[in-house]
Number of protein chains: 2
Amino acid sequence: MREKLSTILYSEGVLFMKQLHHPDRKDIQLASVLYALSDPIRLYVASEIRKHGAQACNSFKVPIAKSTLTHHARTLREAGVIHTRVQGTQRILSLRTEDLDERFPGLLDSVLQAYERSEPGEGFGEPAEEQEE
Amino acid sequence: MREKLSTILYSEGVLFMKQLHHPDRKDIQLASVLYALSDPIRLYVASEIRKHGAQACNSFKVPIAKSTLTHHARTLREAGVIHTRVQGTQRILSLRTEDLDERFPGLLDSVLQAYERSEPGEGFGEPAEEQEE
DNA sequence: TCAATAGTTCGTAAGTAATCGAACTATACA
DNA sequence: TGTATAGTTCGATTACTTACGAACTATTGA
């Protein structure tokens, strides 16, 4: 039988929810940023934030499990692409445009513009409407 | 005991060395390009080509096995970042700047400029000279 | 014909990544 | 209180990546 996590962790003085770590601007690595943006779901998330502003995870209509989205959000955050702030039960994701522009001028813009050109649809991965032949 | 590969393969009419595949310009995917460029060695290779022009694999001074460099060159090629042409015993690697610029304007430039700013050294991964404190 | 050089392929090992569902925490609200 | 909502953590699975050395092909040039 398993003890409740809170009982175990709080009783030992360990924080359950890790402090969200955001790298300092100077520690943002080019390779990590490119890696974070090399996944279709993460590209979509970054692009949605750029188009419609900061927003919570649950506003992204992606065909994956909640835990998988958490993983992608962490990848973006740890690479320095997004900032996550807690608001009630939500995590609000925003792009670190200033930090990225300062460190890698023009990069984020050219990536997201390229993405938006190549994926003109609204939702995720919609193949631009099934085309009958 | 192992038969010679050539005996096996040619006798079955199979080409030993795969035809080098380069994706058509229109098939170059943003995520694949970003992924290909998200590795320090591949970034270095791309940057060296941009700085000094098309060159063979053996001109890259990288601390990895030959077979590993082959792997990285294939990753860049299959993503559409570089073009490989055979010249004697060598494979000459060049950047597909026109194709990339047409498909993702400004992307390659901002990536490689960002790389060259953040890695000012000449060789690979040289930590800009050990600094005593 | 032989040796040297350039690069590929293969097999393997270790590490990392994407994914899921279940169990959980945290907050808001009725 | 209790319930709903938002998101995290955990453990497992599966797949991919990076890396190497050994064996190989292909070409050049002595």
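All values below were derived from every heavy atom in this structure, side-chain atoms included, with hydrogens, water molecules and symmetry-related copies excluded.
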From CG of B:Leu20 across to P of C:dA6 the rounded distance in Å is 18 Å
Among the nucleotides C:dT19, D:dG7, D:dT17, whichever has the atom closest to the side chain of A:Ile41 is C:dT19
- Query: Does A:Leu76 belong to the same Ile/Leu/Val/Met/Phe/Trp/Tyr cluster as A:Ile64, with side-chain heavy atoms less than 4.5 Å apart forming each link?
  - Reply: yes
Tell me whether the NZ or CZ atom of B:Arg50 lies within the 45° cone about the ring axis of B:Tyr115 and under 6.0 Å from its centre. no
Against the side chain of A:Arg91, the closest entry in C:dA18, D:dG7, C:dT8 is D:dG7
Rounded to whole Å, CD of A:Gln90 lies from P of D:dA4 at a distance of 18 Å
Residues in residues 57-76 of chain A with a heavy atom under 4.0 Å of DNA chain D, by number, are A:Cys57, A:Asn58, A:Lys66, A:Ser67, A:Thr70
Comparing A:Thr89 with B:Tyr35, nearest DNA chain D nucleotide closer to 5' gives the residue A:Thr89
Between CD1 of A:Ile92 and P of C:dA26 the distance, given in whole Å, is 19 Å
*Answer whether the closest heavy-atom distance between the side chains of A:Asp99 and A:Asp24 falls below 4.5 Å.*
no
Problem - side-chain hydrogen bond (donor to acceptor under 3.5 Å, both in side chains) evaluation trace for A:His83 with A:Arg96 - result: CA-CA 6 Å; A:His83 185 270; A:Arg96 294 181 63 177; over 6 Å; no
message = If only side-chain N and O atoms count, and only distance matters, is there a donor-acceptor pair under 3.5 Å linking B:Ser110 with A:Ser110?
response = yes
Separation of C:dG7 atom C1' from B:Leu93 atom CG, nearest Å, is 11 Å
Backbone N or O of A:Ile28 within a donor-acceptor pair of the A:Ser32 side chain at under 3.5 Å? no
To the nearest angstrom, the CG-C1' distance between B:Asp39 and C:dA17 comes to 15 Å
